[in-house]
Amino acid sequence: MSAEDTSDDGPTGPVNFIRHRIDADLAEGKNEGQVYTRFPPEPNGYLHIGHAKSICLNFGVARDYKGHCNLRFDDTNPVKEDAEFIDAIKKDVSWLGFEWAQLRHASDYFDQLYAYACELIKSGNAYVDSCSADEIREMRGTLKAPGTPSPYRERSVEENLDLFERMKAGEFNDGEHVLRARIDMASGNINLRDPVVYRIRKVNHIRTGDTWSIYPMYDYTHCLSDAIEGITHSLCTLEFEDHRPLYDWILDTLNTPVHPQQIEFGPLLLEYTLLSKRYLLRLVQEGHVDGWDDPRMPTLAGLRRRGFPPAAIRRFCDLIGVTKNAAWTDMALLETCIRDELNVAAPRRLAVLDPIKLIITDLPEDHEEPLTFQNHPQDESQGTRQVPFTRELWVERDDFAEVPPPKWQRLVEGGEVRLRGSYVVKCESLVKDADGKVIELHCTHDANTLGKKPEGRKVKGVIHWVSARHAMNAEVRLYDRLYKTPNPSPEDDLDDVLNPQSLVVMPNAKLEASLATGNTPVQFERLGYFVPDSGTSATGQVVFNRVITLRDTWAKS
RNA sequence: UGGGCCGUAGCCAAGCGGUUAAGGCACCGGGUUUUGAUCCCGGCAUGCGUAGGUUCGAAUCCUACCGGCCCAGCCA
């Protein structure tokens, strides 16, 4: 390494093998020094966090190399696609924080694609096959045995052209003919055994309507769309490695003006999560979740409603890296990214999820004392707010124990605890109901402990509280991982692997009044991060979703 | 007649023949703290799937083995 290298202000951003390849291309002067990428979803479902990895990669590379990235809808199969998904995908990409240079659709190129197909026929590199789908499958051979040529493989150029034109004109029904590339029926790579490039589909297309009765296949469309858009690096996941020879064959055979290079990377596998559109669809359809944007779903819509900040997802994608390993990523890494982001941004508030009454008996009934709270302990610029302190408070049921475990720092009968931002109180007595359940804690307070340490003793515990008279009622939904097994598989029985505790509803939460407004995540002190939900509860109450808990080293031991 | 990939700590991952194998997460200690949070400090691979080989020198090159993933849609 030379000294200049360290002072060089080349592209910034994460280090990975794809960026090394791009650096090498640039060093060789390829692509006139340009780096153009694309994110190419099929509009047949919602984007999930696995797509976020691809989005961050494609847009991130373009940004760091001062190139651009297109958003391209791969809409070549009208039977699976819906306009609803186009809007949802655009919204998700924007929400993640990226801007596409151009918005494109594979269907924009249907005319060019058709013309290219005619060229393929004319050069003897494609033919119309009139076998059935079953026959074609039969003749394709197996993983270990070569295929056999179709009886239609030697049709004349004229006949092929005529048939293909009539396919386009709608003279035939679905399945009667297909156009196949004429490559090598004996190839070890099955994708090269005369792949189908056009099929008849008499279906309305979301953008082209009834204009076409034939539609091009993915392998044929993708490389040409890349070439047409001048994409330099076509990044996709590992399962397309075997398709690269076909990608290259089509571009070489057609001798396109440019030849983008496909580079494959490992998909995201996240612990306690399953990311296949088919599987996510099942969760929705069978009612295991509340819809595509259920806060437990790994869809971007779900993560958004859950309150995950887009910056945290971007950070996560940077941290996991890009390699050719199909690696299971530890959920803790995502969680850390969420907490790091929220810790800096989220204002602190007081809220009690499972309330029990705490009465300060040595205070008058009408006592009301406004206390000043910092909105953020490390960020003074977030300012302060007033919180009313009164005789009757709500505190967390969990913060009192009749029989405390070892190292307990919270309230016990006869013990003292600090009320967050307020006084030290001592629990003098309990009130129980007929079943022996504690329903009230009667305390006295040390008037000399507001803003100071108590004299002559140490009080370690701090608990949060809300003035009973001022509290706002709310429903709080506690979300946890959807699966109870770290590496769920699509073969698993859902009843075995779904986490029955993935949603726990706290119907009777008491919130500090300042939480009545706002729609961004806040921290409920000592509990975690929470975000207002778009809806209300069955009883018309405000709803908060738990984004994530605070780190809790106490609970772990 | 099979083809294509991948193995560096519990997880992710840098490394590209030349000092004691980056970094993050997790975990374990300790300090600060009116959130058991945050923050700070420290610890954490004599080792790179295994075995040989090449070399003055190998995680990096070669060979063989072992383990894992993907492919037989008129899906993408």
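Here is how names work: the chains are called A, B, and so on, in the same order as the sequence lines, proteins then strands, and each is numbered from 1.
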Report task. Examine B:G73: is either OP1 or OP2 under 4.0 Å from a nitrogen or oxygen in the side chain of A:R193? Give yes or no. Result -> no
Query raised in the report: Under 30°, 30 to 60°, or over 60°: which ring-plane class applies to A:Y423 and A:F389, parallel, tilted or perpendicular?
Result: tilted
**Report entry** Side-chain donor/acceptor of A:T449 to backbone N/O of A:D446, under 3.5 Å
**Finding:** yes
Report task. Give A:A133 one of three labels, base, sugar-phosphate or nothing, depending on what nucleic acid heavy atoms sit under 4.0 Å from its own. Result -> base
Query raised in the report: For atom P, what is the distance between B:C39 and B:G24, given to the nearest Å?
Result: 13 Å
Query raised in the report: Which of these nucleotides, B:A76, B:G15, B:G73, is closest to any side-chain atom of A:F240?
Result: B:A76
Requested in this report: Check for a donor-acceptor pair, side chain of A:K202 on one end and backbone N or O of A:I214 on the other, with a separation under 3.5 Å.
Outcome: no
Report task. Just compare B:C6, B:C74, B:A14 and give me whichever is closest to any side-chain atom of A:V15. Result -> B:A14
Report summary line: With both pairing distances under 3.5 angstrom for Watson-Crick or G-U wobble, and | for a partner in another strand, the correct string for RNA chain B is .(((((((.[[[..)..(....]]].(((((.......))))).....[[[[[..)....]]]]])))))).....
Query - Minimum-distance nucleotide to A:E42 side chain [options: B:A72, B:C75, B:G7] - result: B:C75
Report task. Using the P atom on both, measure B:G53 against B:G15 and round to a whole Å. Result -> 29 Å
Query - Atom-pair distance (CD on A:Q262; C1' on B:C5), nearest Å - result: 13 Å
Requested in this report: Describe the nucleic acid contact of A:H243 in one word from base, sugar-phosphate, nothing, applying a heavy-atom distance below 4.0 Å.
Outcome: base
Query raised in the report: Nearest to the side chain of A:N77 - B:C6, B:C71, B:A76?
Result: B:A76
Report task. Mind calculating the distance between CZ (A:F17) and P (B:C12) to the nearest angstrom? Result -> 16 Å
Query - Position toward the 5' end of RNA chain B (nearest nucleotide), A:T142 or A:R199 - result: A:T142
Query raised in the report: What is the ring orientation for A:Y218 with A:H243, classed by angle as parallel under 30°, tilted 30 to 60°, or perpendicular over 60°?
Result: perpendicular
**Report entry** Sugar-phosphate, base or nothing in reach of A:I136, heavy atoms under 4.0 Å
**Finding:** base
Requested in this report: Using atom CZ of A:R278 as one end and atom P of B:G73 as the other, report the distance to the nearest whole Å.
Outcome: 15 Å
Query raised in the report: On a whole-Å scale, what distance lies between the P atoms belonging to B:G10 and B:U20?
Result: 24 Å
Requested in this report: Please state the C1' separation for the pair B:U55 and B:C62 - nearest whole angstrom.
Outcome: 12 Å
Query raised in the report: How would you list, by chain and number, every residue that makes a side-chain contact (heavy atoms from CB on, under 4.5 Å) with A:N125, sequence neighbours excluded?
Result: A:L120, A:S123, A:W249, A:T253
Query - A:W212 and its ring pair (Phe, Tyr, Trp, His ring centres under 6.0 Å) partner, picked from A:Y109, A:Y198, A:F110 - result: A:F110
Query raised in the report: Is A:S187 near enough to B:G2 that one of its side-chain N or O atoms lies under 4.0 angstrom from OP1 or OP2?
Result: no
Query raised in the report: Rounded to the nearest Å, what distance is computed from the CD atom of residue A:E176 to the C1' atom of nucleotide B:C74?
Result: 13 Å
**Report entry** Sugar-phosphate, base or nothing in reach of A:K80, heavy atoms under 4.0 Å
**Finding:** base
Report task. Report the C-alpha separation of A:S130 and A:H177 in whole Å, then their side-chain angles, then the decisive distance to 0.1 Å, and conclude whether the side chain to side chain donor-acceptor pair (under 3.5 Å) test is met. Result -> CA-CA 4 Å; A:S130 307; A:H177 307 282; 2.8 Å; yes
Query raised in the report: For B:G73, is chi within 90° of 0 (syn) or not (anti)?
Result: syn
Query raised in the report: What integer distance in Å separates A:R180:CZ from B:G73:P?
Result: 12 Å
Requested in this report: Can you see which heavy atom on A:W394 is nearest to which on A:P355, and at what distance?
Outcome: CE3-CB, 3.5 Å
Report task. May I ask you to decide if A:Q386's main-chain N or O and A:T372's side chain share a donor-acceptor pair within less than 3.5 Å? Result -> no
Report task. May I ask you to say what A:H20 touches in the nucleic acid, namely base, sugar-phosphate or nothing, with a heavy-atom cut-off under 4.0 Å? Result -> base
Query raised in the report: Between B:A76 atom C1' and A:R72 atom CZ, what is the distance in whole Å?
Result: 12 Å
Query raised in the report: Reckon A:M331 touches a base, only the sugar-phosphate, or nothing at all at heavy-atom distances under 4.0 Å?
Result: nothing
Requested in this report: Specify whether A:F39 and A:H51 have parallel, tilted or perpendicular ring planes, treating 30° as the upper limit for parallel and 60° as the lower limit for perpendicular.
Outcome: perpendicular
Query raised in the report: So what does A:Y198 touch, heavy atoms closer than 4.0 Å: a base, only the sugar-phosphate, or nothing?
Result: nothing
Query raised in the report: When rounded to the nearest Å, what value does the distance between C1' atoms of B:C16 and B:U32 take?
Result: 44 Å
Report task. Pick the P atom in B:U60 and in B:G7, then give their distance to the nearest Å. Result -> 13 Å
Query raised in the report: Hey, does A:C131 reach any base, or is it just sugar-phosphate, or nothing, if we go heavy atoms under 4.0 Å?
Result: base
Report task. Write down the atom of A:Y127, the atom of A:S150, and the distance for their closest heavy-atom approach. Result -> OH-CB, 4.2 Å
Report task. Let me know the distance between CG of A:N191 and P of B:C74, rounded to the nearest Å. Result -> 10 Å
Query raised in the report: B:G47: syn or anti, with syn meaning chi within 90° of zero?
Result: syn
Query raised in the report: Looking at A:D398, A:D552, A:D399, which one forms a salt bridge (Lys or Arg N to Asp or Glu O under 4.0 Å) with A:R526?
Result: A:D399
Query raised in the report: Is any N or O donor-acceptor pair between the side chain of A:D242 and the base of B:G3 shorter than 3.5 Å?
Result: yes
**Report entry** Atom-pair distance (CG on A:L143; P on B:G4), nearest Å
**Finding:** 13 Å
Requested in this report: Going 5' to 3' through nucleotides 23-36 of chain B, assign each nucleotide B (protein heavy atom under 4.0 Å from a base atom), S (under 4.0 Å only from sugar-phosphate atoms) or - (no protein heavy atom that close).
Outcome: --SSS------BBB
Query raised in the report: How far does the C1' atom of B:A45 sit from the matching atom of B:A13, given to the nearest Å?
Result: 14 Å
Report task. Considering only atom P, compute the distance from B:C6 to B:G52 and round it to an integer number of Å. Result -> 25 Å
